[in-house]
Participant: 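Have a look at this one before I ask anything.
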Amino acid sequence: MTHIASELTQLERIPTQIYNSADDACQTVADAITDLINERNAANKPTVLGLATGSTPVRLYRELIRRHKEEGLSFANVITFNLDEYYGLAGDHPESYRKFMQDQLFDHVDLKPENTYVPDGMVDSDAVFQSCKAYEDAIAAAGGIDIQLLGIGRTGHIGFNEPGSGPETLTRLVTLDSLTRRDAARDFLGEANVPRHAITMGVGTILAVHKIFLLGWGEGKASIMAKTVEGKQTDTIPATFLQQHPDCTFCIDQSAASHLTRERHPWLVGRIKWTEATTRKAVLWLAQKTGKALLKLVDEDYTENGMSDLLIEQGSAYQININLFNVTQHTITGWPGGKPNADDSNRPERATPFPKRSLILSPEPLDDVYCLGGTINRLKQHGNDVTIAYQTSGNLAVPDSEVQASIELMIELGQDRAGKADLTYAKTVKTQLKEKGTFGADTAEIRHLKGLIRRSEARSSARTLGIETAKLEFLDLPFYEDGRYRRFVATEADVTKMCELLESVKPHQIFATGYGHDPLSVPALSFEVLRAALQKCTGSEWMKDCNIWLYKGPADEWEANEIDMAVPLSPDEFENKIQGIYQHQTQRSQTPSRATNKSSNTWDLAREINRGTAEIYDSLGLAEYEAIECFKRLSK
Ligand code: GLP
């Protein structure tokens, strides 16, 4: 795919290629790397690669490993330089970038260990400057970096060049931004454990390489991607300095591209084909931009905002407004399972069959109540047969302190009952907890117990929503049980488990999330597993009559034009949902990540999101509700 400059891309200051999936993008970059290595190998010259960590390049590394194993791609003549390393972490620390690279690439290809450079995170503070200088010298001695891979952090950092880093900076010790540390909190089992400093190549070091590919996947990156590609160069977003580089390409997926003007507001930069979808997107945007209700938009609003051709096509603002008002009105329903004995021609969900078998899929416990607690409660109250399935155990998100409290309870209970309880398990976990320390990997026993703790929270939360515990399924998908954050791999075993669930429930409607998320995240993998399972079930009778409703979360919401079903909640229903969220005690200290970062805990964020949607409907001139949960229909 070549970058074709057009009026749609004229605002872009960096060539940006948008791919259908992360894997497609990785193919292009893997091809460029393969060609260069083969060319250099043939000339008996080394290839110098600049490498990045984080979840973004993992799929590319998997593809390079595959090419090495199956197609003979040799790294024997390759020299690598990594961008950065946490300061204070030794190479064998489970979260060090050296360890990450060993696990994700180095140990699986024929790279010579002495040719893999990662900044030394353990160097004494008074030797840091010398060590950084030596790193720059080593890059120069290797002849400079041929191809540099980059990801991007939500602060707009490349490597660990946080806001404030200028284009002339070189390899050095830096202080990490609080948003960056929050994003790393899950890897380190708590923000407090995330190192405060790192050693990183500078922006100047990066600008000196020959060729750059920056990769980015998922909606979480959409906002920073647009600012980097279209904004002015500024040290508040160091990635914007990539605009200076003569050979830098952004290879991103559609979700990460979704905030680029050519995707978000294409009518502002050129002529577009007005379809139902683009009209809806443009008009709802116009109403929000002008702060007017849909029915109050006038011709001037359209002409002044790049939409005169739509006006000409449709005749008048009045006609467009009324159409869009009706479309939006018809997304609202208090009956997410369909309303029996009612005309359903303008309702999001069909009236029959009734009651429905509704399957709620929650990637981890909490996602269900957090994103659609009110809807679950309504489905149940209307008499539908509701099953909630937790796709993964969520055990990685349980702090050790919670395990400690549980084993103390078990031991005390055992002692109270004068030896009637077997304390072996509790005592084993107690010893293991001590041995592993803060950062050690959890043993199978510890993960098991953490999973049980989350199950008990899920049960109390579901009871709050009126769902009996017999209707909860804990799938414990193996990709999660066998993995850690940013490094999960889904396999056939996961799909088989999901298929078994679908075939046993035979749902009329499924509520799921993960669409458009970072492909290695828990929701995205859970969704990929669902997709594969649905594919396998294609011949099943129930599949012929099953609607799939996507919820956006956690910590995010659909844009107004994407909503196909909006379920309003009364103040009481909304409070009940918040009570349900409270039941997830181990998650209270977890800070959810969200671009706006206005709220710092799940219940406040749920309030902010659901009330926010209600406010949008209100401002569009529809009814005023306390809160709204919303869904997008997955087209078959
Ligand atoms: C860290 C790394 C960056 C990386 C960023 C994004 O801050 N130092 O090099 O680009 O995280 O990580 P992810 O790819 O997991 O989103």
Side-chain angles (χ1 to χ4, degrees), residues 22 25-26 29 49-62 80-89 95-101 103-105 118-119 121 145 148-165 169 171-188 191 194-203 205-206 209 212-225 228 237-239 241-242 248 250-253 255-256 483-488 516-525 555 593-595:
C26 287
V29 180
L49 298 180
L51 302 179
T53 49
S55 53
T56 306
V58 167
R59 285 185 174 230
L60 172 61
Y61 295 152
R62 287 180 191 163
T80 66
F81 288 91
N82 262 83
L83 282 166
D84 45 12
E85 178 60 283
Y86 288 110
Y87 188 59
L89 298 197
E95 287 307 326
S96 77
Y97 283 166
R98 159 62 74 180
K99 177 86 171 71
F100 182 95
M101 290 310 301
D103 293 350
Q104 297 302 317
L105 182 67
V118 180
I145 291 171
Q148 175 69 53
L149 302 176
L150 294 177
I152 190 167
R154 286 196 304 146
T155 58
H157 67 234
I158 42 177
F160 267 134
N161 291 285
E162 296 286 20
S165 306
T169 47
T171 303
R172 69 209 188 286
L173 183 73
V174 292
T175 304
L176 298 181
D177 190 275
S178 57
L179 179 56
T180 303
R181 293 185 66 239
R182 204 174 310 155
D183 280 349
R186 276 201 147 189
D187 308 329
F188 283 88
E191 198 176 323
V194 182
R196 293 187 178 274
H197 299 97
I199 293 181
T200 182
M201 279 185 195
V203 179
T205 323
I206 295 168
V209 311
I212 300 174
F213 289 110
L214 183 142
L215 314 176
W217 334 124
E219 277 151 352
K221 297 285 162 79
S223 160
I224 195 64
M225 211 59 88
T228 304
I237 303 179
F241 293 125
L242 294 172
C248 170
F250 280 21
C251 298
I252 62 181
D253 70 0
S255 308
R484 27 182 328 138
Y485 289 121
R486 299 180 205 250
R487 307 171 204 193
F488 299 117
H517 289 228
D518 169 352
L520 282 187
S521 66
V522 176
L525 282 162
S593 355
R594 195 186 183 220

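Order of appearance sets the numbers: ligands from 1, and atoms from 1 within every ligand.
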Participant: List the protein residues in contact with ligand 1, where contact means a heavy-atom separation under 4.0 angstrom.
Facilitator: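 Close residues (ligand 1, cut-off 4.0 Å): Gly54, Ser55, Thr56, Asp84, Tyr97, Gly151, Ile152, His157, Gly159, Phe160, Lys221, Arg486.
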Participant: Taking Thr56's backbone N and O only, do any of them form a donor-acceptor pair with Trp217's side chain (distance below 3.5 Å, no angle check)?
Facilitator: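 Present.
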Participant: Working note: Tyr86 + Phe188, criterion ring-ring contact (aromatic ring centres under 6.0 Å, His included); need CA distance, chi angles, decisive distance, verdict.
Facilitator: CA-CA 12 Å; Tyr86 288 110; Phe188 283 88; 5.2 Å; yes
Participant: Between Val58 and Phe100, is there a side-chain heavy-atom distance shorter than 4.5 Å?
Facilitator: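 Counting from C-beta outward, Phe100 and Val58 do come under 4.5 Å.
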Participant: Side chains of Leu60 and Phe213: closer than 4.5 Å at any heavy-atom pair?
Facilitator: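 With C-beta onward as the side chain, the pair stays apart.
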Participant: Under 4.0 Å between a side-chain nitrogen and a carboxylate oxygen: does that hold for Arg484 and Glu95?
Facilitator: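 Result for this pair is yes, salt bridge flagged.
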Participant: How would you list, by chain and number, every residue that makes a side chain to side chain contact (heavy atoms under 4.5 Å, CB included) with Arg172, sequence neighbours excluded?
Facilitator: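 With sequence neighbours excluded, Arg172 shows a side chain to side chain contact (heavy atoms under 4.5 Å, CB included) to Asn161, Ser165, Thr169, Val174, Thr200, given in chain and number order.
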